[in-house]
Amino acid sequence: MHIPATLVRGGTSKCWLFNQVEVPADRGDLERLLVAAYGSTDPVELDGVGGATPTTSKAAVVGASPQPGVDVDYLFAQVGIGTGSVEWTSNCGNCATGVALYAVTKGMVPVTGDRTRVVMRNTNTGAVLEGIVDTPGGVVHHFGRQTVPGTRAGGVAVGLTFRDPAGGTTGSLLPTGQAAQDLRVGSAEPVRVTMVTAGAPVVLVDAASAGRTGAESLERMGADVLWLRTVRHTAAPLMGLLQPGEEPGDAVPKVGLVGPPVPYITTLGEPIGAEDYDVSVRMLSMNAPHPAIGLTSAVAVAAAGLVEGSVVSQVTGGPADEWLRLGTPAGVVAVRCTDVRDGLPHRVTVQRAARLLADARIYVPEAGRLQAA
């Protein structure tokens with residue numbers, strides 16, 4: 001059995017995109033197909049198309065949207081590595097960047113001059129996003145010069161905007177009603193956290209309260225994975241993400257450290273000064289340190305920065321302005337909050353880049369031989 005698919009790079013992630021008419025409509029059948037195609041039961045995903053890292057073991061199913069004012073729907077899948085399972089509860093902004101370029105390239109959205117707007121709905125969470133794809137001269141380009149922190153490779157520029165990101169899966173920007181609170185993690189002393197839902201449910205730990213800086217290396221973050229997982233699992237029921245008796249997952253809430261800006265060297269060897277950004281951020285992606293920052297996490301940090309008393313605004317010295325610059329392992333990511341009303345940003349924008357890498361036929365082993373929709 002083989003299935004048509006397109007591999008895209010969106011920001012700092014790689015994602016296989018599938019047209020919804022080419023894959024099973026049933027979620028269980030789709031999961032079995034993705035597990036087989038990615039070689040997801042193998043921790044290195046050798047016998048499959050998975051990339052064996054959280055940022056390269058992703059998929060999305062894309063199709064025309066029935067919702068008025070929305071061009072395409074996409075179902076995001078975080079394919080497990082060595083688990084033989086798929087996580088369906090989250091969204092991925094980097095993959096959405098790739099979906100926007102894919103929709104234009106494949107003719108799902110007509111080109112409209114030098115820039116083409118694609119309105120997308122993430123069906124996992126209901127989030128609506130806009131991608132402004134560069135189409136200079138009314139032409140879709142396969143290559144571009146726009147870069148993002150985490151890679152020196154250029155791509156087609158895509159401005160990605162999250163519409164009304166606050167609330168989402170938990171119903172409010174601050175699901176516990178508190179800008180910041182002490183969270184007891186196991187038997188250790190409590191740490192100061194902000195639990196926020198914007199883009200995604202996220203728990204942000206004040207690094208200083210945990211004896212950290214927020215500017216840790218990826219290696220140091222790797223040593224903290226188990227502890228940060230415990231933070232995530234402790235916060236999940238408080239945010240309404242876990243019902244009694246349910247096993248905690250490792251996708252939501254997203255979890256990370258925030259701290260004051262300090263000089264550091266990026267993963268690409270570039271020096272960053274403390275004056276170059278506003279807040280240090282180190283996040284997990286599933287159960288590994290994120291090499292940069294997921295866009296949904298970036299949105300959450302920016303939204304938290306608007307809240308008086310949050311662990312982010314305590315670092316920045318008060319509620320942030322329109323722009324917030326995040327110091328990530330890969331470099332500085334600037335996030336823009338606009339149309340702010342009553343402390344809630346109704347538009348949050350990050351400049352990204354995307355590139356279509358390949359159109360392919362994925363040969364799926366027997367376990368994934370299922371009837372397509």
Side-chain angles (χ1 to χ4, degrees), residues 10-13 91-101 114-120 122 125 127-134 144-151 155-168 173-174 194 196-200 202 204 254 256 258 261 272-273 275-281 283 290 292-308 310-328 330-354:
T12 52
S13 292
N91 186 15
C92 175
N94 277 314
C95 283
T97 303
V99 169
L101 179 60
D114 291 337
R115 292 184 176 179
T116 300
R117 185 178 75 155
V118 180
V119 181
M120 301 166 282
N122 170 243
T125 64
V128 176
L129 303 89
E130 292 180 14
I132 305 297
V133 181
D134 271 15
R145 297 182 178 179
Q146 179 72 41
T147 59
V148 297
T151 175
V156 176
V158 180
L160 190 69
T161 295
F162 292 72
R163 290 186 185 174
D164 296 312
L173 177 65
L174 301 173
T194 290
V196 61
T197 301
V202 176
L204 300 170
K254 298 181 184 298
V258 296
I272 302 292
E275 69 281 1
D276 295 331
Y277 65 104
D278 305 306
V279 59
S280 296
V281 186
M283 301 294 300
H290 199 295
I293 187 171
L295 295 195
T296 53
S297 297
V299 169
V301 175
L306 299 173
V307 178
E308 182 75 42
S310 74
V311 297
V312 179
S313 65
Q314 288 170 359
V315 167
T316 59
D321 295 325
E322 183 173 309
W323 288 93
L324 187 66
R325 300 170 301 169
L326 314 181
T328 81
V332 178
V333 175
V335 188
R336 186 183 187 191
C337 294
T338 56
D339 192 13
V340 178
R341 289 174 263 148
D342 298 323
L344 299 179
H346 290 269
R347 295 178 66 85
V348 181
T349 301
V350 187
Q351 186 62 49
R352 305 307 283 169

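Small disclaimer: the values here were computed from a predicted structure and weren't measured.
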Nearest 0.5 angstrom please: [X] [atom1] to [Y] [atom2], how far?
X	Y	atom1	atom2	value
Asn91	Leu129	CG	CG	6.0 Å
Leu344	Asp164	CG	CG	9.0 Å
Gln351	Thr147	CD	OG1	10.0 Å
Thr316	Leu324	OG1	CG	7.0 Å

So side-chain hydrogen bond (donor to acceptor under 3.5 Å, both in side chains) across residues 296-308, not counting sequence neighbours, yields none
Between Arg352 and Thr12, is a side-chain contact (heavy atoms from CB on, under 4.5 Å) present by the stated rule, with each step listed? CA-CA 9 Å; Arg352 305 307 283 169; Thr12 52; 3.9 Å; yes
I'd like to check the side-chain hydrogen bond (donor to acceptor under 3.5 Å, both in side chains) partners of Thr349; sequence neighbours left out, ordered by chain and number. Thr161
Once side-chain hydrogen bond (donor to acceptor under 3.5 Å, both in side chains) is applied, do any residues pair with Gln314, and if so which ones, sequence neighbours excluded? none
Minimum heavy-atom separation for [X] to [Y], with atom names?
X	Y	answer
Pro149	Ala292	O-CB, 4.4 Å
Leu160	Gly131	CD1-CA, 4.3 Å
Thr97	Leu295	OG1-CD1, 4.2 Å
Val312	Ala304	CG2-CB, 3.9 Å
Val350	Ala334	CG1-O, 4.0 Å
Gly93	Phe162	CA-CZ, 4.1 Å

Taking atom CZ of Arg163 as the centre, does the number of heavy atoms from other residues, nucleotides or ligands within less than 6.0 Å exceed 12? yes
Heavy-atom distance under 4.5 Å between the side chains of [X] and [Y], does that happen here?
X	Y	value
Lys254	Met283	yes
Pro345	Leu306	yes
Asp134	Arg115	yes
Glu130	Arg347	yes
Thr338	His346	no
Thr197	Val202	no
Leu326	Ile293	yes

Residues Asp278, Arg325: salt bridge by 4.0 Å N-O rule: yes
Output, in order, the C-alpha distance, side-chain angles, deciding distance and verdict of side-chain contact (heavy atoms from CB on, under 4.5 Å) for Val156 and Val133. CA-CA 7 Å; Val156 176; Val133 181; 4.1 Å; yes
Hey, which of Val196, Val301, Thr194 is the one that makes side-chain contact (heavy atoms from CB on, under 4.5 Å) with Val311? Thr194
Regarding Ser313 and Ser310, is there a side-chain donor-to-acceptor distance under 3.5 Å anywhere? yes
Step by step, would you call Ile132 with Val158 a side-chain contact (heavy atoms from CB on, under 4.5 Å)? CA-CA 5 Å; Ile132 305 297; Val158 180; over 6 Å; no
Donor-acceptor under 3.5 Å (Thr328 side chain, Gly331 main chain): yes
